[in-house]
Amino acid sequence: MTNDRPRPLPRSFYARPTVEVARDLLGKVIRHGELSARIVETEAYLGVDDAAAHSARGPTPRTGVIFGPPGRAYVYLIYGMYYCLNIVAEPAGVAGCVLIRAVEPITAITGDTVKAYNGPGKLTRAMGITLEHYGVDVTRGPITIHMPPDRERIAIGVSPRVGIRQSADLPLRFFIQGNRFVSRAASREPRR
DNA sequence: AGTTCGATCGCCT
DNA sequence: GGCGATCGAACTG
């Protein structure tokens with residue numbers, strides 16, 4: 001066939017410390033149906049010592065997947081109108097997830113594509129990801145994550161996370177330096 | 001039962 | 001830089 005479909009990243013990739021998973025997801029390819037895109041910006045949300053994490057106060061019907069096995073999608077509705085996609089990290093029983101904040105589409109790049117993909121609420125809309133994908137196993141589908149076809153070297157930037165108040169000082173945002181799809185907020189110089 | 005407010009975004013001044 | 005959209009989870013009473 002002309003359409004090669006390499007295996008998704010194995011579950012062991014996700015069964016690691018959340019920060020490692022957040023960094024290593026940069027440059028990986030996320031696929032949903034015919035759409036694929038390279039992950040260029042992520043944020044780590046820790047299970048402990050992170051008041052900003054949705055999992056900070058224990059499992060609820062909404063956050064339960066974060067406490068389960070790694071490699072599952074935690075999707076939630078924010079501000080009543082946008083969906084955010086996270087990938088669960090850490091071994092089963094340990095909370096931790098990685099927010100996908102921006103991606104660079106591999107197919108169909110046009111002039112105004114940047115503003116359709118350079119934010120967590122935008123990329124889900126562009127890729128058709130909604131609450132129906134809550135709990136999806138990204139080692140199986142319909143959303144999957146893969147090694148990139150190339151071995152491009154990337155420079156990783158680190159900064160505090162965007163738009164949170166609790167634990168705002170923690171350097172848990174990671175992005176590919178210089179990539180134009182990195183969200184506007186993330187490209188700002190961190191204050192000091 | 002009522003209130004608050006958020007891991008956002010786009011439009012307004 | 002500020003604010004409204006629009007919903008539900010979490011918190012208050």
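Chain letters run A, B, ... following the sequence lines, proteins first and then strands; every chain starts at 1. Note that the coordinates shown come from a computational prediction; the quantities given were computed from them, not determined experimentally.
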message: Less than 4.5 Å apart, side chain to side chain, heavy atoms only: is that true for A/F13 and A/P70?
response: no

- prompt: Taking a hydrophobic cluster as the set of Ile, Leu, Val, Met, Phe, Trp and Tyr residues connected by side-chain heavy atoms closer than 4.5 Å, whether directly or through intermediates, do A/I66 and A/L99 fall within one such cluster?
  reply: no

task: Quick one: label A/G121 by what it contacts on the DNA or RNA (base, sugar-phosphate, nothing), any heavy atom closer than 4.0 Å.
output: sugar-phosphate

query: Are A/Y45 and A/I164 close enough that some pair of their side-chain heavy atoms sits under 4.5 Å apart?
result: yes

message: Using a 4.0 Å heavy-atom cut-off, does A/L99 contact any base of the nucleic acid, only the sugar-phosphate backbone, or nothing at all?
response: base

task: Name all residues meeting the side chain to side chain donor-acceptor pair (under 3.5 Å) criterion together with A/S55; count only those two or more places apart in sequence or in a different chain, and write none if there are none.
output: none

query: Does one hydrophobic cluster hold both A/F67 and A/V19, with members joined at side-chain heavy-atom distances below 4.5 Å?
result: no

message: Are A/V40 and A/L9 linked, directly or through intermediate hydrophobic residues, by side-chain heavy-atom contacts shorter than 4.5 Å (ILVMFWY only)?
response: yes

query: Would you say A/S183 and A/K122 make side-chain contact, with heavy atoms under 4.5 Å?
result: no

task: Following the transitive rule for hydrophobic clusters with a side-chain heavy-atom cut-off under 4.5 Å over Ile, Leu, Val, Met, Phe, Trp and Tyr, establish whether A/V65 and A/V94 coincide in one cluster.
output: no

- prompt: Is A/I143 close to A/H32 at the side-chain level, that is, under 4.5 Å between some pair of heavy atoms?
  reply: yes

Pairs satisfying side chain to side chain donor-acceptor pair (under 3.5 Å), at least one member in residues 74-83 of chain A, at least two apart: A/H54-A/Y74

Quick test: give all pairs of protein nitrogen or oxygen and nucleotides 2-5 of chain C nitrogen or oxygen below 3.5 Å, distance rounded to 0.1 Å.
none

query: Counting only non-hydrogen atoms, which of residues 48-63 of chain A are less than 4.0 Å from DNA chain C?
result: A/R57, A/T60, A/R62

- prompt: Over how many whole Å does the gap from A/Q166 atom CD to C/dA10 atom C1' extend?
  reply: 13 Å

- request: Could you check if a side-chain atom of A/L123 sits within less than 4.5 angstrom of a side-chain atom of A/E41, using non-hydrogen atoms only?
  value: no

message: Any heavy-atom pair between the side chains of A/Y134 and A/R62 that's under 4.5 Å?
response: no

query: Just the dot-bracket of DNA chain B, please: which string comes out with Watson-Crick or G-U pairs under 3.5 Å, [ ] for crossing, | for another strand?
result: ||||||.|||||.

query: Contact boundaries of DNA chain B with chain A (under 4.0 Å, heavy atoms), 5' to 3'?
result: B/dG6 to B/dG10

field: Whole-angstrom distance between B/dG10 and C/dG8, as gauged at atom C1'
entry: 22 Å

task: Treating Ile, Leu, Val, Met, Phe, Trp and Tyr as nodes and any side-chain heavy-atom pair under 4.5 angstrom as an edge, say whether A/L26 and A/V98 lie in one connected cluster.
output: yes

